[in-house]
*Asks:* 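Handing you this structure, nothing more for now.
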Protein chains: 2
Amino acid sequence: MPSTMPPLPADALVVGLAVDVAAFAIHDGELRVLLVQRGEGPHLRAWALPGGLVHPGEELAEASLRVLHDETSMDLEPRHLEQLHTFAEVGRDPRGRVVSVAHLAVLPHGTVAVQGGNEVLGAEWLSAHNPPPLAFDHADILAHALARLQVRLEYANLALEFLPEAFTLPELQGVYEAILNRQLDKRNFRKKLLAQGVLTPSGERRSGVGRPAQLYRRAKHARTAAL
Amino acid sequence: MPSTMPPLPADALVVGLAVDVAAFAIHDGELRVLLVQRGEGPHLRAWALPGGLVHPGEELAEASLRVLHDETSMDLEPRHLEQLHTFAEVGRDPRGRVVSVAHLAVLPHGTVAVQGGNEVLGAEWLSAHNPPPLAFDHADILAHALARLQVRLEYANLALEFLPEAFTLPELQGVYEAILNRQLDKRNFRKKLLAQGVLTPSGERRSGVGRPAQLYRRAKHARTAAL
DNA sequence: CCAAAAGTGTTATTTCTACACCCATGT
DNA sequence: ACATGGGTGTAGAAATAACACTTTTGG
C-alpha cells in the first residue's frame, strides 16, 4: 500500500471528534460514576461525564485516558477501557457537529480522591444508579454504560477489575451487588464463582472484625472481555 | 439553550466521518453478507463492506441506508439497523484520518438481486462465515458483526427480521442455524420458541413437497432489541 | 404407495433458587 | 462471653439436551 495517497475528497464531511468516558468505581459498597462540573462552554456548572476533543494523531483510548487525567488532576489508571457507543446526532452539541465516542472505564478500588482539573470546576464520584441531572445527552450515555456493565458481569470477569489484586469473596460479591443493584445469596454466589475456576486462593487476612476471610487472586487463564 | 453558540474551538480535530455497513441476509439457507468490489481509491478491486462518507447534516442511520442504496442500485430496506463499533485507528485509512462507524443491518428474505452502483464494480451476497479477503479492516468489522448477530439471537427476536411477515417454524429454525452455523434439534427449537410467546399461528401453506407447514407471524408485543 | 418434510413427548442432566446454621476471630 | 462477619450443604424447580416415530401432503 503506497504511503502517499490522494487526500480526502473535497466533499468529505469534517466534524469534531470527541470522547466521553463513563468511569466506574466502587466506594462505600456503592457503584459510583466519575462526574465533573463543567467550567466553560454550554451547560456551564452542570454535571457531565469527563470528555473532550481528540487530538490529532491520538487514538481514542489515549484520548480517554488523557481526559480522565486532565479533568481530575489524578493519575487514574483504568483497569478496563472499552468503547461503548458513538453519539453523532446532528443537534447533540450546540457548537456544531461533534461526534462523541463514549467509553466505559473501570477503576480499581482505592481510587478515591479526585479534584477539578482543566476547564472543570470540580470532580466527584457520584451514585451511578441515582445520578444528578447531566449535561448534553450524558444521561443516555450513562444508561448505556450501566447496562453494558451489567451484561459484562456475566460474560467477562469484569468485576475483578474493581478490586485490588487480592480480594475476598465477600468483597467480590459486594461488587456484583453494587453493579446489579440487588442483593445476592452468599452460598449461591460462592458456588458459581468458584465453579468458574477463575479464582485461586492464597493466604489469609483479618479484617477489622469477625472471622478472617480467605484471599483470592485471579487465576492464570482469565478472559478479559468479549462481544 | 441559546441557538447561537461559539464555534468549535480552533484546536478541534477534524476528521472524515464515514459509515460501513455489514448487511446480512439468508440465501439458500446460508448466511450471506453484502459485499462490493471497490472501483476507486485504495484497495481497488478488493471486496469490501458497503460504506462511504457521511454528508453534512446527515445522521449515521441515514448515511447507512444511502450507502446501501447507492452501491447496489437497489432499494434495499433493512428491517434492522444498529450501530456496531467505531473504528478510528489513526492509520486505518491511507487517505487521512477517517473515523468509520460500523453498522449491522438485517435484510429480509427475498432481497436477492444486487448490482454495482456508484464507484463500485459490483455487488454480491457472499458467505458471511467464509468471506473472501476484505479491504481495510473490514474483516474485523465483519467478525464483530457476526458475533453481535449471534448474541442478538438470544436477546431480541432478531431472527424474524430475516423472514417475510409470514413464515414457518422450519424456516425460522433455518435462520437460526445459518447464523449460528450449526444444527439445532427440531423439537427443542419449537418448544423454546413457542414458549417465548412471540409467535402467533395463522393459516396453512403448502411448500413444494412434503407435509404443509403451519404459518406464523410475530405476536403483537415483540421487543425489537436491547443492549 | 412412496418420498419428503412437518410435527410431536419423554427422560436424564444440568443449572438455578431458596433457605439456616456453625465457625473463627477481636474485644 | 459475645458480637461480627465468614463459611458451608441440601432439596425443589426450572431449563436444557438427547433421542425416534407418526402425520400429512404431492407425485
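Owing to the predicted nature of the structure, the values given are computational and were not obtained by experimental measurement. Throughout, protein chains are lettered first and strands after them, A, B, ... in sequence-line order, and every chain is numbered starting at 1.
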*Asks:* Any non-hydrogen side-chain atom of A/Leu81 less than 4.5 Å from a side-chain atom of A/Leu104?
*Replies:*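 A side-chain contact is absent here, since even the closest heavy-atom pair is not under 4.5 Å.
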*Asks:* Expressed in angstrom and rounded to an integer, what is the separation of B/Arg205 atom CZ from D/dG26 atom P?
*Replies:*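 Interatomic distance, CZ of B/Arg205 to P of D/dG26: 14 Å.
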*Asks:* Roughly how far apart are B/Leu163 CG and B/Arg217 CZ, rounded to 0.5 Å?
*Replies:*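 One finds 12.5 Å between CG of B/Leu163 and CZ of B/Arg217.
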*Asks:* Using whole Å, what does the distance between atom C1' of nucleotide D/dG7 and atom CG of A/Leu194 come to?
*Replies:*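 Spelled out: CG on A/Leu194 to C1' on D/dG7 is 11 Å.
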*Asks:* Between B/Leu193 and B/Tyr216, is any pair of side-chain heavy atoms under 4.5 Å apart?
*Replies:*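 Heavy-atom side-chain distance check fails, nothing below 4.5 Å.
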*Asks:* When you measure from the side chain of A/His138 to the backbone of A/Leu49, do you find a donor-acceptor pair of N or O atoms at a distance under 3.5 Å?
*Replies:*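 The answer is yes, because a donor-acceptor pair under 3.5 Å joins these two groups.
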*Asks:* Before accepting this row, confirm whether a basic side-chain N of the pair B/Glu82/B/Arg152 lies closer than 4.0 Å to the acidic partner's carboxylate O.
*Replies:*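 Salt bridge between B/Glu82 and B/Arg152, a charged N being under 4.0 Å from a carboxylate O: yes.
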*Asks:* Using five base pairs at each end to define the local axes, how bent is the helix from C/dC1-D/dG27 to C/dT27-D/dA1, to the nearest 10°?
*Replies:*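 The end-segment axes of the helix from C/dC1-D/dG27 to C/dT27-D/dA1 are tilted 10° relative to each other.
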*Asks:* Once you round it to whole Å, what is the distance between P of C/dA6 and CZ of B/Arg211?
*Replies:*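 It is 10 Å, rounded to the nearest whole Å.
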*Asks:* What is the distance, rounded to the nearest whole Å, between atom CG of A/Leu169 and atom P of D/dG5?
*Replies:*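 A/Leu169 atom CG is separated from D/dG5 atom P by 17 Å.
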*Asks:* Quick check for you: to the nearest 0.5 Å, what is the distance between A/Phe189 atom CZ and A/Tyr176 atom OH?
*Replies:*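 The distance works out to 5.5 Å.
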*Asks:* Could you tell me if the ring centre of A/His43 sits under 6.0 Å from that of A/Phe136?
*Replies:*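 Aromatic pair counts; centres sit under 6.0 Å.
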*Asks:* Give, ordered by number, those residues of residues 184-193 of chain B having at least one heavy-atom distance below 4.0 Å to an atom of DNA chain C; if nothing qualifies, reply none.
*Replies:*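 Going residue by residue through residues 184-193 of chain B, the ones with a heavy atom under 4.0 Å of DNA chain C turn out to be B/Lys186, B/Arg187, B/Arg190, B/Lys191.
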*Asks:* Could you state the atom-to-atom distance from CG of B/Leu172 to C1' of C/dA6 in whole Å?
*Replies:*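 It is 15 Å, rounded to the nearest whole Å.
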*Asks:* Would you mind telling me which residue lines up with the more 5' stretch of DNA chain C, B/Gly210 or B/Leu215, judged by nearest nucleotide?
*Replies:*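 Whichever sits nearer the 5' end wins; that is B/Gly210.
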*Asks:* In terms of relative ring orientation, are B/His144 and B/His85 parallel, tilted or perpendicular, with 30° and 60° separating the classes?
*Replies:*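 The rings of B/His144 and B/His85 sit tilted, inter-plane angle from 30° to 60°.
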*Asks:* How many whole angstroms separate atom CD of B/Gln196 from atom P of D/dA14?
*Replies:*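 Distance check: B/Gln196 CD to D/dA14 P gives 18 Å.
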